[in-house]
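Numbers restart at 1 for each chain; the letters A, B, ... are given by sequence-line order, proteins then strands.
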Protein chains: 2
Amino acid sequence: MPTIREIAQLCGVSVATVSRVFNQPLTVSKEKREVVERVARELDYRPNESARALATKRSGLIGLVWDTDHRRPGWRHPYLQELLIGLKSALSAHGYHLLMLATSGSAALRAVGASLADPVAYVNMTRRHHLGGLVLIDSGSDASAFTAFAQSGLPCVAVDVDVDGPRATYVTSDNVGGAAMAVRHLVGAGHRRIATVTGPRANRPAVDRLDGFRAAMAGEGLAVPPEYVVEGDFYRPSGQAAMRSLIALPEPPTAVFCASDEMAVGALLAARHAGLRVPEELAVVGFDDIELAALVDPPLTTLAQDKAGIGVAAARAVLTMVHGGGTPAPAFLPTRLVVRSSSR
Amino acid sequence: MPTIREIAQLCGVSVATVSRVFNQPLTVSKEKREVVERVARELDYRPNESARALATKRSGLIGLVWDTDHRRPGWRHPYLQELLIGLKSALSAHGYHLLMLATSGSAALRAVGASLADPVAYVNMTRRHHLGGLVLIDSGSDASAFTAFAQSGLPCVAVDVDVDGPRATYVTSDNVGGAAMAVRHLVGAGHRRIATVTGPRANRPAVDRLDGFRAAMAGEGLAVPPEYVVEGDFYRPSGQAAMRSLIALPEPPTAVFCASDEMAVGALLAARHAGLRVPEELAVVGFDDIELAALVDPPLTTLAQDKAGIGVAAARAVLTMVHGGGTPAPAFLPTRLVVRSSSR
DNA sequence: CTGAAAGCGCTTACAG
DNA sequence: CTGAAAGCGCTTACAG
């Protein structure tokens with residue numbers, strides 16, 4: 001690969017001039033600029049990014065923190081692929097690459113004193129590699145660690161976790177609004193006894209969906225008896241168990257809003273086992289709109305999240321901070337009610 | 001962040017000695033080494049990776065090529081998440097990070113003359129960032145471009161695409177063996193009229209699955225009439241269409257082996273629409289073992305790929321080359337027959 | 001075993 | 001507008 005020196009020699013100018021042509025082209029005379037540009041093109045010159053990062057203390061990289069291989073092996077992000085597509089596309093459009101940071105739980109890092117999901121380790125990597133900022137994806141157990149990142153002062157944006165810090169923000173769906181839409185949809189279909197299966201209490205989207213559910217029920221003048229609120233963990237078995245307990249109630253609900261599609265599928269299974277027809281005897285509404293939602297029997301009514309849009313919004317937020325545009329407010333992306341056959 | 005100079009001053013040694021403590025510890029006297037190590041720990045010293053990469057021409061990064069946002073927007077990798085988990089874990093274990101390279105179709109890169117999926121652009125990025133090597137994931141249309149990478153001489157390993165080059169290899173499932181298992185399973189269940197829905201002709205796994213199918217059928221002494229081989233594109237609609245045409249045959253098959261679970265689900269739908277009972281009147285076997293396979297009705301018999309294992313194998317292969325261990329032979333990971341209710 | 005020095009390839013005040 | 005020079009933080013022959 002040619003270097004800036006070779007270009008300079010071939011053009012009969014100094015390396016400073018060559019550098020300027022790429023970084024502040026307007027400060028170079030038209031003639032010299034054109035010569036340099038032509039020669040650079042002919043030699044297919046590309047700046048060495050390591051040298052660049054060393055000199056400027058900036059790299060064209062954004063870090064991605066996504067812990068994978070410990071503690072919750074079964075954990076599966078409901079829409080990681082779409083999220084990555086949105087994130088990567090939006091970052092690419094601005095010439096940034098995405099660096100998936102090695103899990104801090106790795107042997108190599110543990111050797112230097114880092115513990116699992118250790119924010120310090122990630123913050124160090126960020127500095128060592130001159131990353132512009134960090135995107136944090138919760139892998140089901142690191143939410144608390146995220147707070148520590150957020151306070152590091154590095155630009156960071158979390159997905160589906162609310163963090164707070166000088167240069168920290170987050171992106172999530174409008175979970176409150178989505179849950180409210182679910183309630184209004186069910187009420188509109190004539191339901192009055194509506195239960196909900198929530199996500200974990202510690203999870204922000206779970207809390208918001210419950211809040212939205214409660215607020216909308218109150219708005220409709222409907223009561224929510226305590227036994228109509230069952231906590232799940234977002235996974236299918238918990239939805240199935242929750243539904244089983246709801247069905248066993250003296251006065252079971254006629255409709256249930258599940259805080260995730262996985263749990264809604266579990267609810268569908270429980271209904272089938274109990275011999276309940278869906279939607280005639282039980283209406284079910286989920287949240288996420290995962291691929292499976294359209295394929296189960298009956299197809300699931302759900303609140304679709306703008307999965308790729310969340311990735312795009314996260315990318316925009318980091319880039320805004322990287323470019324000195326201040327810390328953006330948290331973004332709440334609208335959800336969309338997709339009515340299928342599991343409710344009416 | 002402290003630098004090597006500060007450590008050196010505090011310890012009263014030269015920067016060379018400090019550097020050696022981290023890179024060739026045995027060449028430093030025990031006393032000095034221990035002092036340096038202690039001070040480094042106290043200051044939480046971490047080497048600046050940009051400086052390191054500049055000096056050594058090596059970075060602790062492996063590049064990932066996965067084009068996302070063009071030409072085939074609907075394309076979905078059947079097991080990207082598991083693949084990434086395997087890849088990242090195995091890389092992490094050796095202290096390497098994974099750099100998701102910006103899509104070369106981005107405006108920024110196009111501006112410098114790179115076209116879509118342009119191997120040259122990726123090869124350049126690899127050099128500019130001193131990446132150790134490249135992992136290539138086919139996004140449905142880039143297989144041909146992969147050949148160009150492979151010939152660049154950079155260490156690269158492709159997933160599910162056969163590439164050939166001085167430092168290129170690939171990882172895939174034992175597709176031939178998997179298809180053969182499917183055939184033997186169906187024959188064992190008493191079927192003799194067995195059809196197959198293949199993937200695209202240009203796709204290596206598709207070709208291998210067809211070869212395995214044919215070989216096993218021959219081995220069982222069974223004929224494969226030409227109309228029993230229908231080409232699909234791995235997606236559901238194509239499986240559904242293919243099954244429809246098979247059902248319409250004067251002598252329809254009693255069993256079908258689909259080269260992907262998505263197509264098998266399509267086949268299931270076609271069978272349902274035609275009023276055929278599965279598995280009584282038609283047995284269906286898929287390939288992949290995606291999450292959906294266990295959840296459709298009836299649950300799908302399929303050949304499970306070792307998804308994370310493929311990622312791990314890819315990681316091992318690049319690292320072997322990075323560490324000068326030569327070019328590993330292509331790896332064919334075993335598949336596992338998972339018998340569910342769609343066949344018997 | 002250790003240090004002085006050159007070098008990796010680029011950027012950016014500082015003079016002119 | 002342009003160049004000489006210092007500097008980013010590290011590594012590695014080369015002497016000793």
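Rounding to whole angstrom units, CG of residue A:Asn23 and P of C:dG9 are separated by 17 Å. Nucleotide C:dA4 holds its P atom 12 Å from the CD atom of B:Gln9, rounded to whole Å. In this entry the distance linking CD of A:Gln24 with P of D:dT2 reads 13 Å, nearest Å. The separation between A:Arg20 atom CZ and C:dA13 atom P is 11 Å, rounded to whole Å. Between the CD atom of A:Glu49 and the C1' atom of C:dC8 there is a distance of 15 Å, rounded to whole Å. In this structure, the CZ atom of A:Arg46 is 17 Å from the P atom of C:dG9, given to the nearest Å. When the C1' atom of D:dC10 is taken as reference, atom CG of A:Leu54 falls 8 Å away, rounded to whole Å. Residue A:Arg33 contributes atom CZ, which lies 11 Å from atom C1' of D:dC1 at whole-angstrom precision.
Remark: A:Lys32 is not in phosphate contact with D:dC1, judged by side-chain N or O atoms under 4.0 Å from OP1 or OP2. The phosphate of C:dT2 has OP1 or OP2 within less than 4.0 Å of a side-chain N or O from B:Ser29. Look at A:Arg52 and you'll find a side-chain N or O under 4.0 angstrom from OP1 or OP2 of C:dT11. Considering only side-chain N and O atoms, A:Ser14 lies under 4.0 angstrom from the phosphate OP1 or OP2 of D:dG3. Here A:Lys57 reaches the OP1 or OP2 of D:dG9: one of its side-chain N or O atoms lies under 4.0 Å away.
In this entry D:dA13 has no Watson-Crick or G-U wobble partner, no candidate having both defining distances under 3.5 Å.
A:Arg38 has no carboxylate O lying under 4.0 Å from a charged side-chain N of A:Glu34, or vice versa, which leaves the two without a salt bridge.
Closest heavy-atom contact between B:Tyr170 and B:Val163: CD2-N, 3.6 Å.
Ring centers of B:Tyr45 and B:Phe22: under 6.0 Å apart, within the cut-off.
Side chain B:Arg128 to base C:dG9: no donor-acceptor pair is found below 3.5 Å.
The residue A:Thr17 sits close only to the backbone: its heavy atoms come under 4.0 Å of sugar-phosphate atoms, none of a base. Using a 4.0 Å heavy-atom criterion, one finds that B:Tyr45 contacts the sugar-phosphate atoms exclusively.
Taking for each of B:Glu31 and B:Ala51 the nucleotide of DNA chain C with the nearest heavy atom, the 5'-most of the two is the partner of B:Glu31. Residues B:Val15 and B:Leu26 each lie close to DNA chain C; by heavy-atom proximity, the contact nearer the 5' end of the strand is made by B:Leu26.
For B:Ala16, whose side chain is taken as the heavy atoms from C-beta onward, the closest listed nucleotide among D:dC8, C:dA4, C:dA13 is C:dA4. When the nucleotides C:dT12, D:dT11, C:dG9 are ranked by their closest atom to the side chain of A:Arg58, C:dT12 comes out on top. Closest to the side chain of A:Val28, out of D:dT11, C:dT12, D:dT2, is D:dT2. Looking at the side chain of B:Ala55, the nearest of the listed nucleotides D:dG3, D:dT11, C:dG9 is D:dT11.
By the 4.5 Å heavy-atom criterion applied to side chains, A:Leu83 and A:Ile137 are counted as neighbours.
The backbone N or O of A:Gly86 sits nowhere less than 3.5 Å from a side-chain atom of A:Lys307 that would complete a donor-acceptor pair.
Within 6.0 Å of atom CZ in B:Arg33, more than 12 heavy atoms from other residues, nucleotides or ligands are found, so the atom counts as buried in its surroundings.
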